[in-house]
Amino acid sequence: MIKRTEIGSILKGQVALDTPVTVMGWVRSFRNTQFVALNDGSSLGTLQVVVNPETTDAETLKRITVGASVCFEGQLVASQGKGQTVEVIANKVEIFGDCDPSVYPLQPKKHSLEFLREIAHLRPRTNTFGAVLRLRHNIAFAIHKFFNDKGFFYMHSPIITASDAEGAGEMFRVTTLDPKNPPLTEGGEVDFSKDFFGRAANLTVSGQLEGELAALALSKIYTFGPTFRAENSNTSRHLAEFWMIEPEVAFADLEDNMNLAEAMLKFCIQYCLDNCREDLDFLATRLVDEEKSKPQAERSEMGLIEKLEFVLAHPFERLNYTEAVDILVNSNHNKKGKFKFPIEWGTDLQSEHERYLVEKHFKKPVILINYPKHIKAFYMRQNDDGKTVAAMDILFPGIGEIVGGSQREERLDKLTERMAEMHIPQDEMYWFLDTRRFGSCPHAGYGLGFERLVQFISGMGNIRDVIPFPRYPGSAEF
RNA sequence: GGAUUUAUAGCUCAACGGUAGAGCAAUCGGCUGUUAACCGAUAGGUUGUAGGUUCGAGACCUACUGAAUCCGCCA
């Protein structure tokens with residue numbers, strides 16, 4: 001068994017001074033052939049290990065290079081230097097893994113995020129990605145904690161699905177058929193009845209429909225799993241493989257849904273402020289440095305921590321789609337003709353319109369509700385006005401849509417009517433419709449893009465930098 | 001998928017159409033309580049690829065490839 005003291009616990013002051021410790025980690029810098037900055041990932045900070053260049057053999061000293069994995073045994077003492085309170089005086093050095101600095105891509109300097117994306121297998125060793133990954137873990141944990149504390153059950157929706165009726169996006173096909181020589185039907189089409197599942201199958205684009213099935217038995221459930229969209233999306237906020245949280249609640253309406261989503265988002269932010277302060281402070285500083293190279297007008301008004309605290313301190317603005325359209329139409333921005341796309345009741349809002357509402361007009365998160373029914377999915381509950389559905393989108397500054405949800409249509413006749421209008425095959429969906437046939441009830445739910453939440457809390461601009469190994473068009477390396 | 005921008009040393013970036021340079025990293029040496037240590041020296045390039053314009057192209061033009069940003073699709 002390997003015994004070691006984690007660097008994070010030493011830096012937190014959990015280890016008594018003048019006690020012997022064994023620390024293991026990767027060298028971040030080696031100054032003055034004497035001072036090692038050692039990091040083991042347990043925290044952002046590094047531990048200073050002091051080696052004696054006179055009593056340590058020259059060959060070993062040479063092998064202490066940036067990136068090398070090293071074990072030090074020594075004494076934890078108060079530091080003589082200024083930059084740290086404690087340090088380890090090493091009396092034994094063991095190199096676990098050498099790291100040839102002439103070919104190791106990570107240098108003790110600032111690298112661009114684009115470059116680090118090309119070496120995603122090594123980027124967890126950087127301060128930025130270490131911080132993001134620890135933060136990501138804490139947000140995931142906070143989500144489970146939030147729902148568990150509220151009596152929700154974590155439900156595992158399937159990853160492989162044969163229904164493509166939801167229409168949430170292009171799907172990835174799952175097949176074991178030989179692509180060069182697939183079985184064909186008499187009509188010359190690929191015969192998926194010969195495929196593994198006896199029918200065409202895909203990776204899930206949403207666990208919602210299955211989530212509804214569970215919610216109509218357990219009342220309160222959430223899913224948290226990978227989701228796949230085969231869209232040719234090339235933006236800083238889309239991935240082909242991402243993680244989505246989808247709560248579904250029986251005996252709940254749109255307002256309950258909004259309350260739940262707002263509480264959940266705020267809980268996660270508060271949890272990070274309480275538990276990831278060091279990493280958040282680092283990311284905040286990183287952001288300030290990054291923005292120094294931008295023109296004044298493009299810099300954000302608030303620092304990262306300030307922004308998170310601001311979101312916590314104010315209720316999200318809730319308004320109807322119709323009201324939002326009025327605000328946009330009557331805005332000076334519109335009167336001066338500064339919108340590229342016209343605003344008209346009945347069309348989906350463009351990014352620039354959402355940005356204006358969130359970043360200029362309200363300057364805080366916005367929940368837009370009651371959208372025109374023809375721009376939303378078939379399962380959303382139809383409002384009495386006959387024109388709108390009980391949909392809600394939560395828009396965050398810099399990210400755009402972070403949550404999309406609705407009260408679901410629980411009335412069988414209204415649901416099938418809408419499915420017919422939208423040409424959604426009802427026979428394939430018998431299992432979904434059965435929930436409305438047998439003991440239907442009002443219920444609501446939403447989908448939260450996990451990476452978008454990580455983006456918001458970390459302040460990272462590109463979604464590809466908040467997931468360890470991003471998948472997007474043309475890229476599935478590592 | 002569309003638009004725009006961009007590609008120069010391992011990394012980050014310079015170079016008016018006129019001999020391709022700096023910082024960091026590397027190599028060698030010095031210093032030794034440092035804080036992405038510091039000081040001196042050395043080495044490092046078919047300027048993304050293929051064409052074209054020009055007396056002369058890293059720079060201008062065309063195509064291709066990759067990247068970034070914005071838009072669309074959404075979470």
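In the text below, chain A, chain B and the rest are named by the order of the sequence lines, each starting its count at 1.
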Exercise for the section: Answer yes or no: does a side-chain N or O of A/R355 lie under 4.0 Å from OP1 or OP2 of B/C70? Expected result: no
Fill in the blank from the handout: Comparing A/H111 with A/S79, nearest RNA chain B nucleotide closer to 5' gives the residue A/H111
Fill in the blank from the handout: When both distances are under 3.5 Å in a Watson-Crick or G-U wobble arrangement, the nucleotide paired with B/G17 is none
Problem - Pairwise P distance for B/U19 and B/G56, with rounding to whole Å - result: 15 Å
Problem - C1' atoms of B/U6 and B/U49, separation to the nearest Å - result: 16 Å
Practice task
Give the ring-plane orientation class for A/H353 versus A/F339, where under 30° counts as parallel, over 60° as perpendicular and anything between as tilted.
Solution key: perpendicular
Fill in the blank from the handout: To the nearest angstrom, the CD-C1' distance between A/Q84 and B/G33 comes to 9 Å
Practice task
Please check if atom NZ in A/K150 has more than 12 non-hydrogen atoms from other residues, nucleotides or ligands closer than 6.0 Å.
Solution key: no
Handout entry: Pairing nucleotide - B/G1, Watson-Crick or G-U, each distance under 3.5 Å
Key = B/C71
Exercise for the section: Take atom CE of A/M460 and atom P of B/A68, then tell me their distance rounded to the nearest Å. Expected result: 13 Å
Practice task
Could you tell me which nucleotide pairs with B/G33 by Watson-Crick or G-U wobble geometry, both distances under 3.5 Å, or answer none if nothing does?
Solution key: none
Problem - Donor/acceptor link under 3.5 angstrom from A/E87 side chain onto base of B/G33 - result: yes
Problem - side-chain N/O A/R31 vs B/U34 OP1/OP2, d < 4.0 Å - result: no
Problem - Below 4.0 Å: OP1/OP2 of B/C70 and any side-chain N or O of A/S236 - result: yes
Problem - A/F242 ring over B/A75 six-membered base ring, under 5.5 Å and 30° - result: yes
Practice task
Take atom OH of A/Y104 and atom P of B/U27, then tell me their distance rounded to the nearest Å.
Solution key: 16 Å
Practice task
Could you check whether A/K340 gets within reach of a base, just the sugar-phosphate, or nothing at all, counting any heavy atom under 4.0 Å?
Solution key: nothing
Practice task
Would you mind telling me which residue lines up with the more 5' stretch of RNA chain B, A/L239 or A/N462, judged by nearest nucleotide?
Solution key: A/N462
Exercise for the section: Could you tell me the separation between the CZ atom of A/R125 and the C1' atom of B/A36, rounded to a whole number of Å? Expected result: 18 Å
Exercise for the section: Take atom CD of A/Q48 and atom C1' of B/G33, then tell me their distance rounded to the nearest Å. Expected result: 8 Å
Problem - Whole-angstrom distance between B/U65 and B/A9, as gauged at atom P - result: 22 Å
Exercise for the section: Please give the nucleotide sitting opposite B/U62 as a Watson-Crick or G-U wobble pair, both distances under 3.5 Å, or none. Expected result: B/A50
Handout entry: Residue-phosphate contact under 4.0 Å: A/Q350 side-chain N/O, B/G72 OP1/OP2
Key = yes
Problem - Whole-Å gap separating C1' (B/C73) and NZ (A/K376) - result: 12 Å
Practice task
Please measure how far the P atom in B/A57 lies from the corresponding atom in B/C64, and state the result in whole Å.
Solution key: 24 Å
Exercise for the section: Dump the intermediate steps for ring pair (Phe, Tyr, Trp, His ring centres under 6.0 Å) on A/F450 and A/F224, then the final yes or no. Expected result: CA-CA 9 Å; A/F450 180 61; A/F224 188 169; 5.1 Å; yes
Practice task
Let me see the working for A/E241 and A/R229 under salt bridge (charged side-chain N to carboxylate O under 4.0 Å, His left out), right down to the final yes or no.
Solution key: CA-CA 7 Å; A/E241 176 186 283; A/R229 306 267 167 98; over 6 Å; no
Problem - Touch class at under 4.0 angstrom, heavy-atom based, for A/T235 against every strand present - result: base
Problem - Touch class at under 4.0 angstrom, heavy-atom based, for A/V103 against every strand present - result: nothing
Problem - Euclidean distance for C1', B/C38 against B/G23 (whole angstrom) - result: 15 Å
Problem - A/I399 CD1 to B/C74 C1', straight-line distance once rounded to whole Å - result: 14 Å
Problem - Whole-angstrom distance between B/U12 and B/G17, as gauged at atom P - result: 25 Å
Problem - Polar side-chain contact A/S351-B/C71 base: donor and acceptor under 3.5 Å - result: no
Practice task
Using the ring of A/Y356 (Phe, Tyr or Trp, six-membered ring only), decide whether A/K338 places NZ or CZ under 6.0 Å from its centre and within 45 degrees of its axis.
Solution key: no
Exercise for the section: Could you tell me which nucleotide pairs with B/G44 by Watson-Crick or G-U wobble geometry, both distances under 3.5 Å, or answer none if nothing does? Expected result: none
Practice task
Pick the C1' atom in B/A14 and in B/A22, then give their distance to the nearest Å.
Solution key: 7 Å
Fill in the blank from the handout: Side-chain contact check for A/R464: nearest option of B/C71, B/A68, B/C74 is B/A68
Handout entry: Touch class at under 4.0 angstrom, heavy-atom based, for A/G81 against every strand present
Key = base
Exercise for the section: Compare the minimum distances between each of B/A75, B/C74, B/G33 and the side chain of A/R237, then state the nucleotide with the smallest one. Expected result: B/C74
Fill in the blank from the handout: Note: A/R452 and A/R237 closest approach over all heavy atoms is NH2-O, 2.8 Å
Exercise for the section: Would you mind reading off the distance between A/F30 atom CZ and B/A26 atom P, rounded to a whole angstrom? Expected result: 13 Å
Practice task
Determine: side-chain N/O of A/S102 to OP1/OP2 of B/A25, distance under 4.0 Å, yes or no.
Solution key: no
Handout entry: Given B/A75, B/A36, B/G1, the nucleotide with the shortest approach to the side chain of A/N232
Key = B/G1
Problem - Euclidean distance for C1', B/U8 against B/A15 (whole angstrom) - result: 10 Å
Handout entry: Check: A/G461 main-chain N/O paired with A/D465 side-chain donor or acceptor under 3.5 Å
Key = no
Practice task
May I ask you to say what A/Q107 touches in the nucleic acid, namely base, sugar-phosphate or nothing, with a heavy-atom cut-off under 4.0 Å?
Solution key: base
Fill in the blank from the handout: Taken to the nearest 0.5 Å, the spacing of A/S112 OG from A/E118 CD works out to 7.5 Å
Practice task
Please check the phosphate of B/A36 (OP1 and OP2 only) for any side-chain N or O of A/S29 closer than 4.0 Å.
Solution key: no
